[in-house]
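In what follows, chains carry the letters A, B, and so on, assigned in the order in which the sequence lines appear, proteins first and then strands, with residues in each chain numbered from 1. Keep in mind that what you see is a predicted model, and the values were worked out from it rather than measured.
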Amino acid sequence: MTDAPLIVPASASSASSDGQDELLAGLNPQQLEAVTYRGSALLIVAGAGSGKTSVLTRRIALLLREREAWPSQILAITFTNKAAGEMRERVAGLVGDVARGMWISTFHSACVRILRREAEQFGFTKSFTIYDSGDSRALIKRLVKEHEADAYGFTPGAVQSRISKLKNELTDAEGYARQANMSDPAERKFVDIFGDYQRALQKANAFDFDDLIAQTVFLFRAFPKVADTYRRRFRHVLVDEYQDTNHAQYSLIHELTRPPSTDSAPEPYASNGMMIFEPAPEAEPDAPMTGASLTVVGDSDQSIYAFRGADIRNISEFERDFPGARVVLLEQNYRSTQNILSAANAVIGNNFDRKAKNLWSDRGAGDRIVGFTGYSQHDEAQFVADEVESLRRSGIPYSEMAVFYRTNSQSRALEEIFIRSAVPYKIMGGTKFYERAEIKDALAYLVAVANPADEMAVRRILNKPRRGIGDVTETSIARFAVDAGISFRDALRSPGALGVGPKIQAAIARLDAVLDEASAILLPPSGEVPPATSVAEGLTVLLNKSGYFETLRASRDPQDEARLENLDEFIAVARDFARNNPDGSIVDFLTEVALVSDADDLDDESGTVSLMTMHTAKGLEYDAVFVTGVEEDLIPHRISAGEPGGPQEERRLFYVGLTRARKRLHLSLAMTRAQFGEVTVAMPSRFLQEIPAELIDWRQSPGDVNSRGRQSAAVNGRPGFQKYGGQGASTGRDRFGVQALPKRDSLKPLSTAMDRFPNKVTGKVRDNGDLELTAGDRIRHDDFGEGRIEAVTGEGAKRIAHVRFDTAGQKKLLIKIAPISKL
DNA sequence: GTTTTGTCCCTTTTT
DNA sequence: GGGACAAAAC
């Protein structure tokens, strides 16, 4: 354990004012230095939970309060939009309204802002579309087909990831072609596809995710004057989660923090006439301007995006890249109890190529980590659900609990059991809202209006809803467009010229009219700026008059009902947007929607447990955390084994998961796991063995199953549940400090004795219709045996029975689907 | 042109 | 055990 150094660094800034005292209050010496150090470059190595967000916000606040910088001179980059919003709020909380002019955003949002301003410089318009991975995959798929590249073993996915990797390395299509081995036919194919892909994007007036960064760097390099504008403007650049930056992002930072070229005159206006910076407070007209001061915050132990091109060297070689850089280490953890930290430290200590770092906490040992081994993933999920309920009863709100897993597909079993057990939950990510087909359709309608050059979008809505425009017609439209030298969208204006039947002509004319009608609302020809509410209005017009809504309403597919609800929600999003951005345009709306991420959905909606992948969990913290599926081939994931650095990255990912917990940490696994229909036997993850045994309190350990396991024999039912979910928890005096079982044997393979595992919760559901139950009734449950109803709450399909089972403890059940019968 | 059936993958992680 | 996609049936 590290001792806190007692040296207080000399504050670099001038005599402290009252405001400064307030900003510096409660900081430890290292944090204080991180906040007050002034120099060209500062690296803050911030271990998990070491208060880096607080340091970053105070650093910004101090710059503002001490008048060292105008808000407009600050650029802060965060990993998610949500983090950006929070940081903005916290800075505003410290210094008030001044915070307004700052750029606090993600790399992608910041680049979009720059690109929209400068788009005309290189052949795009301000209203360019942003292609998400789905869009670009669709485009690549078409190209792969056109080039018959599958003969060379190219799959769309492989091509996409290769292009993405190249772009993250700032290699563009021409650059790649120049150095490619053109004697290899497969290589030639790839070069062609890459080139066509880039041309298609340009033609569609669109950027993909990687382009947003890479093209901004190219822009800066090709137009030094443009770059200078931003270099003069941003005097303080701060980057969070620096360990997860890729080469393109690193280069962007490098470009931005370079001194402006001395020969170009300061230009407070961007090429389009927009004023982009206020004159510096103390302008020194003759002195050459230095580069912006750079502050980066990161923790190489939490680098988990190498697969996306993140380069850990960006952080490990920071001092080489930015000579004279100061490095500050934050090692005191203010988040977790020592037991949790010790486990995390032990795990991460197994990564050999890292700089030693020891997080410590003064919050006391805390509870031991709870371990549980289920028979199946359902069993594991039931443990989580029961434990969630027990924690809830002990006073932790649902919103302070989170369940993590390695892969999105693992969420299904958890979800099933949570629904059954009436545990309110929310899934972060998974099939994301904006990736649902109906939402993508609605977006395509909007894009077709906002950026008619985007042929993909127009094609997408051509026959949605079905209006009899099939492949054949689509091809004739495309051919006509090419022949006439007009866009695909404009070809829809002359249905008569397409050589298709009258019915189809009429359908095309109707679609054309709908798009025009919406266009009149969203982009009035008069040139006046429509109110932000026009987005929702235009969207409603599009969905109504295109017949999209009508078709869904007429359908008797139950899924279409859900689609309608999603679209209603989407319109609500548009209304919300108008409320928050009174001056927002349709392009702004589309930008915002394109750049939202999983983590951004995390409303502070109290009262639901959050389910998410460990990746999504980065940067978040909860009182109680469940890390599930702690098995070989899952974490570390099977695929990572073959990748260089793979297992180490998996270990960091696991470490990130562990360190999210403040007070309660649960590790669970299943002995068997069904993967695409097939049941496979699972092994405990190697990472479990890396945690000192005395830190884990196994409610049901992998060893229990194989060895004599007194607890298994104890009850002829479900020992695990009984033991913790039953008496102990229900009395309310619960867990804090209570020492439980003696520690179990170390981990062993789970291969045998599955039948000795008595506790098998299944994913079974049953439709009980409107089974009437009241307090006092006795029931029988397929998995839990007999019990007594203590209360019934909720209404209709959401009626919940609160049951005390004779052997399985206290549970909530959703009556409609629980496999129960009244006795 | 649309609907239904059948086959083949699949599962890392995401801005 | 399901979703995407293609072939076959309407």
Side-chain angles (χ1 to χ4, degrees), chain A residues 77-84 105-112 130-134 136-138 141 145 155-157 160-161 164 167-168 207-214 241 244-246 248-249 303-310 404-413 416 428-432 434-437 463 465-474 500-501 503-504 507 555 557 559 591 594-600 612-618 629 633-643 646-647 649-650 652-654 656-657 673-680 763:
Chain A
I77 304 282
T78 58
F79 199 67
T80 63
N81 290 300
K82 172 157 194 276
S105 65
T106 62
F107 271 107
H108 294 267
S109 310
C111 288
V112 169
I130 299 162
Y131 276 18
D132 68 15
S133 348
S136 75
R137 199 186 55 237
K141 197 171 162 192
K145 209 170 204 171
T155 63
Q160 185 181 23
S161 78
S164 171
K167 287 183 173 179
N168 286 335
F207 293 97
D208 65 20
F209 274 146
D210 303 315
D211 274 345
L212 293 177
I213 316 286
E241 307 285 8
D244 283 323
T245 51
N246 60 35
Q249 292 164 336
S303 163
I304 53 174
Y305 283 101
F307 72 92
R308 199 170 84 190
F404 304 153
Y405 35 81
R406 177 67 234 275
T407 67
N408 279 305
S409 60
Q410 288 168 252
S411 68
R412 184 170 298 141
E416 282 169 13
M428 280 36 255
T431 313
K432 284 153 246 163
Y434 290 107
E435 280 170 21
R436 292 172 196 276
N463 200 29
R466 302 232 150 80
R467 40 172 83 89
I469 307 178
D471 253 6
V472 181
T473 311
E474 189 176 332
V500 297
K503 258 192 182 157
I504 299 178
S555 159
D557 181 345
Q559 287 202 333
T591 303
L595 297 179
V596 292
S597 67
D598 286 355
D600 295 337
M612 69 191 84
T613 66
M614 289 184 226
H615 280 91
T616 306
K618 187 171 76 154
D633 290 348
L634 224 38
I635 177 85
H637 197 274
R638 172 192 299 253
I639 290 175
S640 74
E643 290 165 0
E649 175 145 323
E650 297 286 307
R652 290 194 293 270
L653 183 58
F654 187 58
V656 167
R673 191 167 289 273
Q675 267 179 325
F676 28 62
E678 263 172 41
V679 177
T680 51

At what distance, to the nearest 0.5 angstrom, does [atom1] of [X] lie from [atom2] of [Y]?
{"X": "Thr245(A)", "Y": "Phe107(A)", "atom1": "OG1", "atom2": "CZ", "value": "6.0 Å"}
{"X": "Ile304(A)", "Y": "Glu649(A)", "atom1": "CD1", "atom2": "CD", "value": "7.5 Å"}
{"X": "Asp210(A)", "Y": "Gln160(A)", "atom1": "CG", "atom2": "CD", "value": "8.5 Å"}
{"X": "Met612(A)", "Y": "Lys618(A)", "atom1": "CE", "atom2": "NZ", "value": "14.0 Å"}
{"X": "Arg412(A)", "Y": "Gln410(A)", "atom1": "CZ", "atom2": "CD", "value": "11.5 Å"}

When the ring centroid of His615(A) is compared with that of Phe307(A), is the distance short of 6.0 Å?
yes

Detail all sub-3.5 Å separations between protein N/O atoms and N/O atoms belonging to nucleotides 5-10 of chain C.
unit_1: dC5(C); atom_1: OP1; unit_2: Lys141(A); atom_2: NZ; d: 2.4

[X] [atom1] to [N] [atom2]: how many Å, rounded?
{"X": "His108(A)", "N": "dT15(B)", "atom1": "NE2", "atom2": "P", "value": "9 Å"}
{"X": "Lys82(A)", "N": "dT15(B)", "atom1": "NZ", "atom2": "P", "value": "13 Å"}
{"X": "Phe79(A)", "N": "dT14(B)", "atom1": "CZ", "atom2": "C1'", "value": "7 Å"}
{"X": "Met428(A)", "N": "dT15(B)", "atom1": "CE", "atom2": "P", "value": "12 Å"}
{"X": "Gln410(A)", "N": "dG1(C)", "atom1": "CD", "atom2": "C1'", "value": "16 Å"}
{"X": "Asp132(A)", "N": "dT15(B)", "atom1": "CG", "atom2": "C1'", "value": "11 Å"}
{"X": "Asn168(A)", "N": "dT14(B)", "atom1": "CG", "atom2": "P", "value": "16 Å"}

Ignoring hydrogens and geometry, is there a side-chain-to-backbone donor-acceptor pair from Asn81(A) to Ser105(A) under 3.5 Å?
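Between the backbone of Ser105(A) and the side chain of Asn81(A) there is no qualifying donor-acceptor contact (under 3.5 Å).
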
Under 4.0 Å, counting only non-hydrogen atoms across every strand here, what does Asn463(A) touch: a base, just sugar-phosphate, or nothing?
sugar-phosphate

If you look at every strand shown and take non-hydrogen atoms under 4.0 Å, does Arg466(A) touch a base, only sugar-phosphate, or nothing?
sugar-phosphate

Would you tabulate the pairs of protein nitrogen or oxygen atoms and nucleotide nitrogen or oxygen atoms of nucleotides 6-13 of chain B closer than 3.5 angstrom?
unit_1: dT12(B); atom_1: O2; unit_2: Arg406(A); atom_2: NH1; d: 2.7
unit_1: dT12(B); atom_1: O2; unit_2: Arg406(A); atom_2: NH2; d: 2.2
unit_1: dT12(B); atom_1: O4; unit_2: Glu643(A); atom_2: OE1; d: 3.1
unit_1: dT12(B); atom_1: O4; unit_2: Glu643(A); atom_2: OE2; d: 2.6
unit_1: dT13(B); atom_1: OP1; unit_2: Asn408(A); atom_2: N; d: 2.8
unit_1: dT13(B); atom_1: OP1; unit_2: Asn408(A); atom_2: ND2; d: 3.2
unit_1: dT13(B); atom_1: O4'; unit_2: Arg406(A); atom_2: NH2; d: 3.3
unit_1: dT13(B); atom_1: O2; unit_2: Arg406(A); atom_2: NH2; d: 2.6
unit_1: dT13(B); atom_1: O2; unit_2: His615(A); atom_2: NE2; d: 3.4

Those stems involving DNA chain B that have three or more consecutive Watson-Crick or G-U pairs, both distances under 3.5 Å, are B:1-10 with C:1-10

Taking the C1' atom in each of dC5(C) and dT12(B), what is the distance between them to the nearest angstrom?
23 Å

Dump the intermediate steps for side chain to side chain contact (heavy atoms under 4.5 Å, CB included) on Phe79(A) and Thr106(A), then the final yes or no.
CA-CA 6 Å; Phe79(A) 199 67; Thr106(A) 62; over 6 Å; no

Strictly below 4.0 Å, N to O, side chains only: are Lys167(A) and Asp208(A) in salt-bridge contact?
yes

On DNA chain B, does the nearest nucleotide to Ile504(A) precede the nearest nucleotide to Gln249(A) from the 5' side, or the other way round? Give the residue.
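Its nearest nucleotide being more 5', the pick is Ile504(A).
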
Show your reasoning for whether side chain to side chain contact (heavy atoms under 4.5 Å, CB included) applies to Arg673(A) and Leu634(A).
CA-CA 10 Å; Arg673(A) 191 167 289 273; Leu634(A) 224 38; 3.5 Å; yes

Can you check whether Arg406(A) reaches Ile635(A) side chain to side chain, under 4.5 Å on heavy atoms?
yes

